[in-house]
Visitor: 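Structure below; questions to follow.
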Amino acid sequence: MNRIYLDHAATTPMAEQVVHTLVEEMNNVYGNASSIHQTGRIARKKLDDARRILAQSIGAQEIEITITSGGTEADNYALFGTAYARKALGKHIITTQIEHHAILHACQQLEKEGFEITYLPVDQTGLISIDDLKKALRQDTILVSIMFANNEVGTIQPIKEIGNLLKDHQAYFHTDAVQAYGSVSIDVKETYIDLLSVSSHKINGPKGIGFLYQNKDIYLKPLLYGGQQERKKRAGTENVPAIVAFAKAVEIKQQNIKKSNEHYRTLRDTFVEQLQTNGVEFKINGSLENLLPHVVNVSIPKTDVETFLVQLDLAGIDASSGSACTAGSIDPSHVLVAMYGEKTPELRNSVRFSFGLNNTKEEAIEAANKISKIILG
Ligand code: PLP
């Protein structure tokens, strides 16, 4: 049985050209980018070229890109780096109730260390309100961290409006763009973003690599100390092959962003229409007007997410609840709790399907048919 992988929001397979680049660089570029001999200089050049591609992809300068081990580290660096560097200016941070745990758990740790965090609510579509943000902003707010798009339901936040609101406030504006990057065009200068997190494995690049964009005028306290790499912002020998392969994934994404978004929309529409044609009762969680093209989170009455995911797995479909799975049992999604409240059926009957480059229309139809069979019998 050929499996149908519909969990690209969790991670994506590497693009063929990316694998090729990675292998080639691993074979050929083994120097330490900090070494001054020729082998080191070759690695340095590769690193500089890759950084240029990463920077250009969001309208930033090369010096504003710090390579990290992925989205989690970029998020942690943005939060702890800001908190520790700016605590003399205030100890108030604003975020949302629907952030990834890389943000939420970092915020919980900061609370233990004496910082005060405001968690903005969202409406039933997963959107924050600019008015709520205005009300929450204080003179001692040092950071606002609001994700670009949500990883569970795909809702895209009004990032430009948030940037405009914050541009004259002392608070830095951080956005976790791990899910949005590659599907949404991003210009950090136009949108007044100070800090932005990206992860390679969500865009068909290698795992364990990502970056934090940091406006060149701001200072973050580093998380790692050691060598002078990354302009002393993040010590440790750079993984040049992975960074070059990440840049290759970025280039491919940029060349195809319009085409791949159209492809995702076709897959998603086909999938949803087929479910409708088959008579499956369902509702889409999230904002239909502001939705990432590759994600659809559906609530299917009378199903139980745990049983349903096992049934999908047995039917050869990889999907996910989008929420944490602890020792075989799925905790209710904090994102759906924020959208609907504590005791609504959506918490127990919602599943996320997320499409990727290798999916075909035939797969979308087949998946919808298999799902319909599971539900309707
Ligand atoms: N932020 C969001 C919105 C994500 O979806 C993820 C990954 O699922 C992360 C952060 C963490 O990124 P990484 O897996 O690269 O650490």
Side-chain angles (χ1 to χ4, degrees), residues 5-14 18 54 58 65-81 95-109 119-120 122 126-128 145-157 159 174-184 186 193 195-213 223-224 234 236 239 242-243 245-247 249-250 253 286 290-297 318-325 330-331 333-336 338-339 352-356:
Y5 185 75
L6 300 181
D7 202 12
H8 293 82
T11 195
T12 58
M14 270 196 265
V18 173
L54 303 179
I58 53 166
I65 302 296
T66 304
I67 307 292
T68 65
S69 62
T72 301
E73 187 190 325
D75 284 345
N76 274 258
Y77 182 29
L79 264 64
F80 289 104
T95 186
T96 78
Q97 294 175 359
I98 61 160
E99 297 296 310
H100 189 271
H101 284 126
I103 296 289
L104 290 179
H105 290 166
C107 282
Q108 283 164 18
Q109 178 56 32
Y119 298 91
L120 295 178
V122 291
L127 277 173
I128 64 137
S145 179
I146 294 177
M147 69 198 319
F148 211 116
N150 182 263
N151 48 303
E152 291 189 29
V153 295
T155 300
I156 303 169
Q157 298 298 337
I159 293 298
H174 168 248
T175 185
D176 173 343
V178 167
Q179 277 307 327
Y181 183 82
S183 298
V184 178
I186 300 175
I193 295 168
L195 299 156
L196 177 136
S197 308
V198 169
S199 176
S200 148
H201 73 99
K202 307 287 184 182
I203 57 149
N204 307 97
K207 298 183 194 358
I209 203 86
F211 70 79
L212 180 73
Y213 153 78
L223 297 183
L224 299 179
R234 200 253 188 194
N239 184 351
I243 298 165
F246 176 20
V250 168
K253 265 279 159 209
N290 303 291
L291 196 60
L292 286 177
H294 63 290
V295 177
V296 64
N297 188 308
D318 296 319
S320 143
S321 71
S323 52
C325 181
I330 296 170
D331 289 333
S333 147
H334 66 283
V335 176
L336 296 176
M339 285 164 60
R352 175 187 70 188
F353 300 94
S354 45
F355 300 91

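The shown structure was predicted, so the numbers you read here are calculated from the model rather than taken from an experiment. We're numbering straight along the sequence, starting at 1. Counting starts at 1 for both ligands and their atoms, in listed order.
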Visitor: Do me a favour and list the nearest non-hydrogen protein atom to atom 11 (C) of ligand 1 with residue, atom name and distance?
Guide: T72 OG1, 3.4 Å
Visitor: Tell me, which protein residue and heavy-atom name are nearest atom 4 (C) of ligand 1, and how many Å apart are they?
Guide: H100 CD2, 3.3 Å
Visitor: Ignoring hydrogens and angles, tell me if any N or O in the side chain of D318 forms a donor-acceptor pair with the backbone of L6 under 3.5 Å.
Guide: no
Visitor: Specify the protein heavy atom at minimum distance from atom 10 (C) of ligand 1: its residue, its atom name, and the distance to 0.1 Å.
Guide: D176 OD2, 3.4 Å
Visitor: Does either side chain, that of H201 or that of T11, offer a donor lying less than 3.5 Å from an acceptor on the other one?
Guide: yes
Visitor: Could you name the option among A149, A180, G71, A177 that has the heavy atom nearest to atom 13 (P) of ligand 1?
Guide: G71
Visitor: Measure the distance from atom 15 (O) of ligand 1 to every protein heavy atom, then report the residue, atom name and distance (to 0.1 Å) of the closest one.
Guide: S199 OG, 2.6 Å
Visitor: Among all protein heavy atoms, pick the one closest to atom 14 (O) of ligand 1 and tell me residue, atom and distance.
Guide: H201 NE2, 2.9 Å
Visitor: Would you indicate whether the side-chain heavy atoms of D75 and H174 approach each other to under 4.5 Å?
Guide: yes
Visitor: I'd like to check which ligand 1 atoms, numbered from 1 as shown, lie under 4.0 Å from a non-hydrogen atom of M147.
Guide: 3 (C)
Visitor: For N290 and T155, test the side chains for any donor-to-acceptor distance below 3.5 angstrom and give the result as yes or no.
Guide: no
Visitor: Going by the angle between their ring planes, with limits at 30° and 60°, are F211 and Y181 parallel, tilted or perpendicular?
Guide: perpendicular
Visitor: Does K202 reach ligand 1, in the sense of a heavy atom lying below 4.0 Å from it?
Guide: yes
Visitor: Would you kindly say whether S200 and K207 are connected by a side-chain donor-acceptor distance under 3.5 Å?
Guide: no
Visitor: Which atoms of ligand 1 have any heavy atom of G70 under 4.0 Å away?
Guide: 15 (O)
Visitor: Which atoms from ligand 1 have a heavy atom of Q179 less than 4.0 Å away?
Guide: 5 (O)
Visitor: Heavy atoms, side chains only, cut-off 4.5 Å: are D7 and F353 in contact?
Guide: no
Visitor: Just distances here: any N/O of E73 and N/O of ligand 1 closer than 3.5 Å?
Guide: no
Visitor: Ring-plane angle category for Y5 and H8, please: parallel below 30°, perpendicular beyond 60°, tilted otherwise.
Guide: perpendicular
Visitor: Under 4.0 Å from any heavy atom of D75, which atoms of ligand 1 are there?
Guide: 1 (N), 10 (C)
